[in-house]
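Any value given below was found using the heavy atoms of this structure, including those in side chains, with hydrogens, waters and symmetry copies removed.
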Amino acid sequence: MMEKAKVTVHPDYRIAPVDRRLFSAFLEPIGNWVEGGIWNPEHKDADDMGFRKDIIEAIKKAQVPAVRMPGGNFTSGWKWEDSIGPLSQRKTHLDLAWRQYQTNRIGHDEYLEWARRAGLEAMYTINMGTADIESAMACVEYTNHEGGSYWSDLRIKNGYKDPHGVKLWYLGNEMDGPWQIASWSKDPKGYGIKVNEVSKAMKWIDPGIKTIASGTSMFRNASYPQWDADVLEQCYENVDYLSLHYYHGAPYGNYAGLLNGSTIFEEMITTEIGVCDYIKAKVRSPRTIMISFDEYACNFDHPGKTAPGRTGYIPPENYGEFTPENLNRPFRHQNVKSANKPNRRRGDMLRALNSAAIIMVFLRHTDRVKIGCMTGAIRGAIAFDNEHVWESGLYHAYNLLNKYSHGVALMPAVKSPVFNVEGYRLTERVQCPEFENVPYIEAASVHNEEKGEAAIFLVNRNWEEAIEVDLDVRGFENYSFVEHIELQTDDLEKYNSFEMPMNIYPKEVKETKSDNGKISLVAKKLSFNLIRLKKTK
């Protein structure tokens, strides 16, 4: 007999308006994401600056609102000043983060111009590792000041008369991590003091900007969550957001461990909100810090080096970056022809399901989580190789959530069958304690009162069985059921490609029934579901 779940959604269960930046992307010059990816002057569809117009059009079609860039470990050693002006005068440096030659062919202005052409709001990451406060001040002056100063006039001389107008600035990347260039992992208070002074000075140059402090990049770090408290205590009055990162992994074939990823994201967000509010009370501030979850993903992973008994404490020598094998790798030259097919660790469906579940967590906390940057949005969801662009299975889950999440998020009440998760440790990074009574059914909802529409998103994390769901929407007076859209496949090895773009594709479920505000539906195993309502009068 099929197991049953009940989900109740009511328009009075309001959380907060959904910030469009929840559906943003993350971009870093690693591998072929930039050179050989979004930029390839040899491509048949390249524009006058060498940017691939087919990728730009795909981003516009997906309505991606913003991009965090250039982002990542790379920024902790990047000298943006060496990436502006004539190409012949730009300096090539060793990028210690990814062991590559950084030619700066794509520099500060090119990143921002690409974002403009793609219709994206640029959310810029500055170097808080090797760079100083003067570099940060010069960067915001060059980027945002109209003219009349050395740096703003230099921008005009370089061909950009109008200011770029960047409003969101990330003050470093993963500064709590020992893998970071010029890491602050042993001195969170020192980093917090630097953030306070940098943010203050940047806002004196442009009072209209917002700044984001680097918080925990992995909740297994020994410093979590004390790092965040120590940082915020030094800079609480002068920053606006706290940045969080998490990449969830599980052993291959461990569906319980993998699909529990969104549960861990939720726990991490709840903890970090508590930390922010504790410091708010401690420094007696009327301001409330918001969350930017600007790097995230969820995948199966391989076992590697680990130190038993050290759960929650990760020593630097256990990180892959510090192994002799990695440090002896030669620096490589970036190849503009290198955009081969995206790495296929598994089929599209699990990536789609996990990413959807994570975004749904953000929706359930949209009163505090205002920014979400999917690491695989531009390369995984919008997939591309040397020649073509196509829509992955992940794209379709992301697209449905993005398209129908305009309005106010609502908190669903869920009664669901549950599963347990055995603890595991693959590496120091990839590990998880045991969990009990994890609900198979996850839900999120958004009400667009202006358009008279409501969307309910459901994920069935059960990897073996479908679940019958009784959806109670009687609180939506004068609304009627419109459609039930499903994304699902029984073949988890399937993935979309340019040649086969419909392997994982949303379809309408005709069997779903509605009667007086009660909707009866079947959520197939490992499925993402959208139920839409429309006001009738």
Side-chain angles (χ1 to χ4, degrees), residues 1-15 255-256 259-260 262-263 266 349 352-354 356-361 363-366 397 400-401 404-405 407-420 435-449 452-490 506-536:
M1 185 176 179
M2 190 180 301
E3 289 193 288
K4 292 188 175 183
K6 181 179 181 181
V7 177
T8 303
V9 182
H10 195 285
D12 287 347
Y13 300 169
R14 297 167 63 92
I15 304 171
Y255 294 108
L259 296 162
N260 186 50
S262 57
T263 306
E266 190 139 29
M349 191 61 221
L353 202 66
N354 285 314
I358 293 166
I359 294 173
M360 288 162 61
V361 171
L363 289 173
R364 293 197 297 268
H365 292 276
T366 193
L400 289 171
L401 281 156
Y404 292 106
S405 290
V408 175
L410 308 176
M411 182 62 74
V414 178
K415 293 181 179 180
S416 168
V418 297
F419 64 99
N420 296 328
F435 279 76
E436 294 183 345
N437 299 317
V438 179
Y440 279 119
I441 296 294
E442 285 200 90
S445 182
V446 177
H447 185 200
N448 189 335
E449 292 184 84
E453 297 177 348
I456 298 100
F457 308 102
L458 300 175
V459 163
N460 181 7
R461 294 192 276 192
N462 192 319
W463 55 94
E464 294 179 333
E465 302 289 343
I467 293 178
E468 185 178 340
V469 179
D470 292 330
L471 177 58
D472 188 340
V473 293
R474 287 176 293 177
F476 289 90
E477 296 181 9
N478 301 319
Y479 278 68
S480 61
F481 167 70
V482 175
E483 61 181 347
H484 172 194
I485 302 295
E486 172 191 83
L487 189 69
Q488 195 267 348
T489 180
D490 288 330
K507 64 179 181 180
E508 185 175 359
V509 180
K510 300 291 187 181
E511 295 79 11
T512 298
K513 306 296 182 184
S514 176
D515 182 26
N516 292 323
K518 290 189 174 183
I519 299 173
S520 298
L521 64 101
V522 172
K524 292 183 180 178
K525 65 178 184 180
L526 297 180
S527 65
F528 170 74
N529 303 267
L530 163 66
I531 294 87
R532 293 182 56 224
L533 310 177
K534 182 73 175 178
K535 195 170 186 177
T536 53

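Note: Tyr404 OH to Glu453 CD = 7.5 Å, rounded to the nearest 0.5 Å. From Ser445, atom OG reaches atom CG of Leu363 across 9.0 Å, with rounding to the nearest 0.5 Å. For the atom pair NZ of Lys6 and CD of Glu468, the computed distance is 13.5 Å after rounding to the nearest 0.5 Å. Put simply, CG on Leu533 and CG on Asn448 are 12.0 Å apart, with the number rounded to the nearest 0.5 Å.
Nearest heavy atoms, Phe476 versus Leu410: CZ-CD1, 3.6 Å. Across every non-hydrogen atom of Ala5 and Ser416, the tightest pair is CB-CA, 4.0 Å. Minimum interatomic distance between Asn462 and Glu3 (heavy atoms only, all atoms of both residues): ND2-OE1, 4.2 Å. Between Ile456 and Val9, the closest heavy-atom pair is CG1-CG2, 4.0 Å. Here the closest non-hydrogen pair linking Pro506 and Leu487 is N-CD1, 3.5 Å. The minimum heavy-atom distance linking Leu353 with Phe528 is given by the pair CD1-N, 3.7 Å.
Not counting sequence neighbours, Glu511 has no partner by the salt bridge (charged side-chain N to carboxylate O under 4.0 Å, His left out) test. Applying the ring pair (Phe, Tyr, Trp, His ring centres under 6.0 Å) criterion to Phe435, with sequence neighbours excluded, gives no partner residue. In terms of the salt bridge (charged side-chain N to carboxylate O under 4.0 Å, His left out) criterion, residue partners of Glu449 (sequence neighbours excluded) are, by chain and number, Arg14. Scanning for salt bridge (charged side-chain N to carboxylate O under 4.0 Å, His left out) contacts around Glu483 gives Arg532, with sequence neighbours left out. Legend: residues meeting ring pair (Phe, Tyr, Trp, His ring centres under 6.0 Å) with Phe419, ordered by chain and number and at least two apart, are Tyr440, Trp463.
Environment of NZ in Lys535: sparse, with no more than 12 heavy atoms of neighbouring residues, nucleotides or ligands closer than 6.0 Å. Within a 6.0 Å radius of CD in Glu508, more than 12 heavy atoms belonging to other residues, nucleotides or ligands are found.
Distance alone, capped at 3.5 Å, is enough to place a donor-acceptor pair between the Asn420 side chain and the Asn437 backbone. Under the 3.5 Å distance criterion, the side-chain polar atoms of Ser262 are left unmatched by any main-chain donor or acceptor of Ile358. Formation of a donor-acceptor pair under 3.5 Å by the Gln488 side chain with backbone atoms of Lys525 is found in this model. The main-chain N or O of Glu465 is found under 3.5 Å from a side-chain atom of Asn460 such that the two form a donor-acceptor pair. No donor-acceptor distance shorter than 3.5 angstrom exists from the side chain of Arg364 to the backbone of Pro412, with no hydrogens or angles considered. For Asp472 (side chain) and Arg474 (main-chain N/O), a donor-acceptor pair under 3.5 Å exists by modelled atom type.
Checking Arg461 against Thr263 by side-chain atom types alone, a donor-acceptor pair falls below 3.5 Å.
Side chains of Val408 and Ile15 form no contact here, defined as non-hydrogen atoms less than 4.5 Å apart. The shortest distance between side-chain heavy atoms of His365 and Glu266 falls below 4.5 Å. Annotation: side chain of Leu401 is in contact with side chain of Met360 (closest heavy-atom distance under 4.5 Å). Counting only heavy atoms from C-beta outward, the side chains of Val509 and Asn529 never approach each other to under 4.5 Å.
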Working for side-chain contact (heavy atoms from CB on, under 4.5 Å), residues Phe481 and Thr512: CA-CA 10 Å; Phe481 167 70; Thr512 298; 3.8 Å; yes
Taking distance alone, no hydrogens or angles, what donor-acceptor pairs closer than 3.5 Å link side-chain atoms of residues 515-524 to residues at least two apart or in another chain?
none

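Ring-plane geometry between His447 and Tyr479 is classed as perpendicular, the angle between the planes exceeding 60 degrees on a 0 to 90 degree scale with a lower cut at 30.
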